[in-house]
Structure formats: C-alpha cells, structure tokens
Amino acid sequence: MYRIPCAERPAWQQKAAEYGFYFHTMYGERYWDESAYYQFSLQQIEEDLEAPTEELHQMCLDVVERVVADEQLLTQFAIPEAQWEFIRHSWLQRDPSLYSRLDFVYDGKHPAKLLENNADTPTSLYETGFWQWLWLEESVDLGRISRRADQFNSLQEKLVARFQHILRQSPEQKTLYFACCKGTLEDRGTVQYLEDCAVEAGWRTAFIFVEDIGLNEAGRFVDLADREIEYLFKLYPWEFMFAEAYAGPLSDSGCQFLEPPWKAVLSNKALLPMLWRMYPEHPNLLPAYFGHEAERLDTSVRWVRKPIYSREGANIQILEQGNILHESDGAYGQEGYIYQQAQILPRFGDAYTLVGSWLVDGLAAGISLREDSGPITQDMSRFLPHIIL
Amino acid sequence: MMERRVKRSQTIDLGRMRKQFLPATKPLSVAIAAASLAGCSDDQEVFVVSSVYDCINQTNWDMATCEAAYQKAMEESEYSEPRFATRQDCEAEFGFNSCNEEFNGYSPDMVGFLVEEGIDEVGDLIAYNTLYRYKGRHKSLRGYVLADGTPVLNQRGRYFVNKKALLTPKIRKANTKTLSRGGFGRQAVAKVAAARSASRSWGG
C-alpha cells in the first residue's frame with residue numbers, strides 16, 4: 001500500500017460538470033483529490049480487505065439475529081421500544097438490504113481493524129462507484145497509469161444487479177421513491193446516482209425530499225401529488241426517523257424501506273461492543289465495551305469514547321488513563337456511549353488515511369480512501385482514488 | 001499467462017452517466033408519433049384550463065377543487081415534465097424562450113393543465129395532467145401535449161385526449177386526504193442548529 005503523487009487529469013472539473021458531479025469541491029476546499037492515488041497489491045485487496053469485509057458482514061448479521069430477540073439488548077442499543085416490533089418484523093421477513101460501508105484502519109501490513117459500520121446511510125458512493133472508476137480509465141488512456149492496473153470497485157455493477165434482484169422479488173411493480181433532505185447537494189447527488197442505478201435495473205422511480213413526505217388518512221406515506229409511497233429509499237438515518245413525528249405511523253404504513261428497519265441495529269455504535277462480546281479477539285475487531293462496562297477498560301492503552309448514534313466523527317473523545325486527549329464537537333451523545341480501543345489511523349505523508357470497504361448486500365464491492373489532516377475523520381476529509389497493481 | 005481476476009466494474013455506460021444527455025427520457029417526438037398512432041376510439045373529453053379561475057369558469061367545480069387540481073398539476077410536473085439535455089434541444093420542441101433550467105436539464109414551461117372527472121367503485125376521481133405547447137417540427141401535432149408527449153386534440157373548442165394517458169395521475173377526491181406533511185426531517189434541522197459548522201450530509 002503506497003501513496004503515489006500524480007498529475008491531475010487536464011480539465012477534469014469540466015468533465016465533472018458534464019457527469020453531474022457537483023460536490024467535488026465544498027466550502028472552497030477540495031473534496032475529490034486526484035493529486036495522488038493509493039496503490040495496493042491484489043493480495044492486500046483480496047486477503048486483507050475483501051474477505052474480512054464479507055466475514056464481518058456475516059458476523060454483523062449474527063448480531064442482528066441476537067439483538068432483535070432480546071429486549072435488554074434493544075435497550076442497550078438505545079432503540080425506542082415503540083419500534084422493536086417494526087425492526088423485528090423486518091428482520092424476520094428478511095426485508096432486503098442494499099448496501100453498507102465498513103470503515104477500516106488499514107496500513108497495508110497489519111490486519112484491517114473495523115472502526116464502524118455505516119450500514120444505514122453510507123455516502124461517498126458516487127465518488128467510489130463511478131468517479132474513481134472513470135479516473136482510472138482516463139488515467140490509463142493518458143498513459144499515466146499502467147494498463148495492467150485494476151481497481152477494487154465493482155460497486156456500480158453490483159448495485160444495478162442488486163436492484164434487479166430486489167425488483168424480481170417484488171410481486172407487483174411498485175414505484176421506488178428516493179429521498180434525501182433539502183439543502184445538501186452531496187446527498188442529492190448520491191440519491192440521484194442510486195436512482196440512476198435503479199432505473200438501469202428496470203425500476204420505475206421517483207424522487208421526493210424527506211421533508212415533503214406526507215401522511216394520508218389511511219396512515220400511508222404520500223408524495224407531493226398524494227400518491228402512496230410503497231417503497232422508499234431514504235438517505236436519512238433510522239434513529240432520526242424514530243425520533244420524529246411520523247415515527248408512530250411507520251409500522252402500519254405498508255411502506256417498504258431501503259435500507260430496511262433492521263439496519264438500525266447495525267448503524268449503531270453499540271454494534272462494536274456486541275461484536276467484541278460475540279467474537280472476542282477476532283483479528284479484524286478492536287476491543288470495545290458498552291458505556292456501563294468502563295471498569296473493564298485497560299488503562300495502559302488509549303480508548304475512544306463514541307456516542308451510540310453519531311455521524312462523521314462528531315462528539316468523539318480520545319482518552320488516556322481517564323484524561324481527555326482530544327475531543328470533537330457535535331450534537332450527539334444523549335443516547336449513551338461506547339468505548340473502543342484507540343487505533344490511530346496510519347499516516348501516508350501528512351495525512352491520516354481511512355479505508356472504506358463497501359458491501360452490496362453481502363458481497364464486498366470495492367473500497368474508497370479518505371484522508372484527513374487530523375486523526376478523526378470529519379466531514380471535510382478528502383477522497384482519493386486507488387489502483388491495484 | 002494466467003488470466004487476471006478483474007476487481008472493477010467491467011463496463012459502465014458513459015452515455016447513461018452523462019447528466020447532460022438524460023438517456024432515461026424518451027425523445028418527445030417519438031412519444032408523440034407513438035401516441036398519435038394509437039387511434040381515437042379511446043379518446044376522452046377533457047377540460048383544458050390555463051389557471052384556477054379558468055377552471056372555475058369552465059367546470060362546475062368550486063374554487064377549492066380547482067385549486068387542488070392546479071396544485072396537483074404543479075407538483076406532478078416536477079416528476080414528469082419533459083426534460084432535455086440542452087436549452088436548444090428543449091426550444092426546438094417547445095419554442096424560443098419557453099424553457100427553463102431545472103436540477104438536471106431543461107424543461108418547457110407548463111402552459112396550463114387539464115382536468116377530467118371520473119367515478120369508480122370507491123368514489124369521485126379527478127385526473128389532472130400538466131400541459132405544454134408543442135411547437136416542434138411535426139406541424140400536424142403542434143398544440144397542447146401532455147408531459148409524455150400525448151397530443152390533446154382540439155375539435156372546435158372541445159378537447160379530447162387518449163384515456164390511457166390520463167391514468168397515472170388520478171387522485172381520489174375524498175377518502176384518502178393527506179393530513180399532514182413534514183413529519184420527517186426535523187432531526188436534521190436540530191443537529192445543524194446545534195453543530196458549530198453546517199454539516200454536508202446526513203449519511204456517513
């Protein structure tokens with residue numbers, strides 16, 4: 001695993017406009033960064049990332065199986081009691097899932113360690129599945145990268161195939177709605193990409209903003225034209241939905257969701273101590289404990305305290321012998337915390353590097369690399385492409 | 001030499017990925033041709049109205065019903081209006097200065113809407129469709145068209161349209177009224193207000 005500086009493609013920004021990639025630069029700072037790329041060996045990809053990704057996913061499903069059947073665990077996962085049956089039902093009838101992203105600490109030498117599972121609303125999908133793919137095609141054509149180079153990235157192909165599979169499973173053809181919040185170009189772009197994949201798979205689709213969803217007298221969710229929404233992909237976290245005005249109507253709405261409700265168990269940091277409890281000493285896991293198990297922490301090493309619900313590195317503390325070494329801001333943490341042994345991200349040059357490993361349902365589908373100037377990956381980290389050679 | 005396992009998507013249709021070409025949208029002239037071949041035995045008389053007041057004048061409905069139909073037509077147009085890669089493409093079909101830039105392309109101005117009343121076993125229905133004025137090269141088809149290109153035929157001031165084109169946007173008049181909107185999305189607002197800097201994304 002190397003970080004290799006390279007020349008940017010000439011006028012790639014124009015190409016981005018042509019393809020509708022609007023968020024490559026945000027708040028005046030670059031997000032998509034092709035001034036360098038990462039190079040992996042095939043062995044690193046297949047043995048260190050691909051295989052563990054699929055294995056960890058199966059382990060996560062074992063956690064869901066256990067948690068949905070255990071009220072004490074559901075409580076520890078801070079899932080509102082009113083939603084337990086909704087989640088359990090969606091698991092028992094095996095509501096199909098679409099995708100997720102496991103975030104790893106990986107340096108090319110040691111086993112990848114799972115930091116967290118973005119199982120409900122993972123983003124940076126378009127950059128991964130399409131834009132870095134296009135970067136490789138064009139960089140090879142420009143003669144800057146070897147023709148033998150490959151990329152761990154079958155994400156788009158697998159998404160289309162997955163949408164086809166879900167479509168074939170649906171007894172009647174429903175319209176698949178895609179939703180995200182107003183005011184974020186990044187989320188709008190991600191949802192548009194998924195909608196494009198669904199259209200390619202043969203779905204009839206529509207878009208609605210999360211805030212525009214309505215509820216009719218029959219208890220069904222409706223679009224702006226009052227048509228019933230029967231199938232909804234929402235780039236909006238379950239834990240938010242469970243805390244809002246329409247939480248009550250969810251279970252009787254007759255609506256099917258992507259990601260399905262059982263993903264609320266996986267996109268939850270309580271997953272981490274649960275995995276460690278069920279699979280202690282697993283090479284791809286970091287030791288982790290629930291908030292009430294703080295006395296079990298080995299004080300000779302550093303720990304990270306994470307809120308059970310949090311996004312993009314908010315409200316994280318790094319602890320050393322009970323003292324706070326580093327802290328990030330945010331509005332999370334009311335639901336409680338977990339502890340995970342600190343594993344500082346590897347540095348390549350000046351940057352800290354995080355590997356995101358994608359799954360489409362249960363299949364490993366590619367990776368994305370993000371760099372940050374600090375050890376906690378935040379909103380404003382940069383996205384870099386990679387190759388296999 | 002051993003064949004390499006390829007770890008990336010084999011092919012991606014770049015034409016499909018270009019947002020300026022919008023391949024999912026049927027070319028309008030094709031849709032018009034197909035619709036006009038469908039014959040007229042399925043035609044249904046409709047009201048073509050240009051405003052809420054026009055609707056009140058032409059039909060026997062009250063203001064609330066006409067407003068609702070107008071509102072629905074406006075909302076419907078967000079989903080189904082014709083889209084074009086470029087302003088030129090759009091104007092070639094709908095005339096100079098008749099197109100607007102949208103999130104992912106160009107769409108013609110909506111010039112009115114049509115309404116049609118029906119009844120099924122559950123109760124009253126109103127069909128509503130948005131109308132556009134086609135000014136393209138197919139001279140015989142110039143005039144009102146629906147979003148999918150179905151022509152609205154003008155026969156001495158009475159309007160007729162193929163029934164099949166009216167099916168999708170039908171709404172029930174009573175029965176399943178939408179009670180509220182905005183029951184999702186508050187948490188995002190609350191988190192933004194509480195965070196020091198605005199977040200870009202609700203994903204992770």
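Predicted model, so just to flag it, every value in this text is computed and none were measured. Sequence lines set the chain letters: A, B, ... in the order given, protein chains first and strands last, and positions in each chain run from 1.
A donor-acceptor contact closer than 3.5 angstrom links the side chains of A:Glu195 and A:Thr205. A donor-acceptor contact under 3.5 angstrom links the side chains of A:Trp358 and A:Ser368, judged on distance only. No hydrogens or angles considered: a donor-acceptor pair under 3.5 Å links the side chains of B:Ser180 and A:Tyr246.
Contacts with chain B were tallied for A:Arg220, A:Lys234, A:Gln151; A:Gln151 has the most, counting heavy-atom pairs under 4.5 Å. Between chain A and the residues B:Thr11, B:Leu14, B:Ile12, the most heavy-atom pairs under 4.5 angstrom are made by B:Ile12.
Comment: A:Glu138 engages A:Lys15 in a salt bridge, judged by a side-chain N to carboxylate O separation of less than 4.0 angstrom. Contact check on A:Lys263 versus A:Asp120 returns no salt bridge, with no Lys/Arg side-chain nitrogen under 4.0 Å from an Asp/Glu carboxylate oxygen.
By the 30° and 60° cut-offs, the orientation of the rings of B:Tyr159 relative to B:Tyr144 is perpendicular.
Only the side chain of A:Phe221 comes within contact range of chain B, with at least one heavy atom under 4.5 Å from a heavy atom of that chain. Residue contact with chain B, scored on non-hydrogen atoms closer than 4.5 Å, involves the side chain of A:Tyr126 exclusively. Contact annotation for A:Glu228: neither backbone nor side-chain heavy atoms come within less than 4.5 Å of a heavy atom of chain B. A:Ile45 touches chain B through its side chain: at least one heavy atom from C-beta onward sits under 4.5 Å away, while N, CA, C and O do not. Both the backbone and the side chain of A:Phe152 have a heavy atom closer than 4.5 Å to some heavy atom of chain B. Only the side chain of A:Tyr193 comes within less than 4.5 Å of a heavy atom of chain B; its backbone N, CA, C and O stay farther away. For A:Ile367, no part lies under 4.5 angstrom from a heavy atom of chain B.
B:Asp109 meets the side-chain contact (heavy atoms from CB on, under 4.5 Å) test with B:Ser98, B:Asn100; sequence neighbours excluded.
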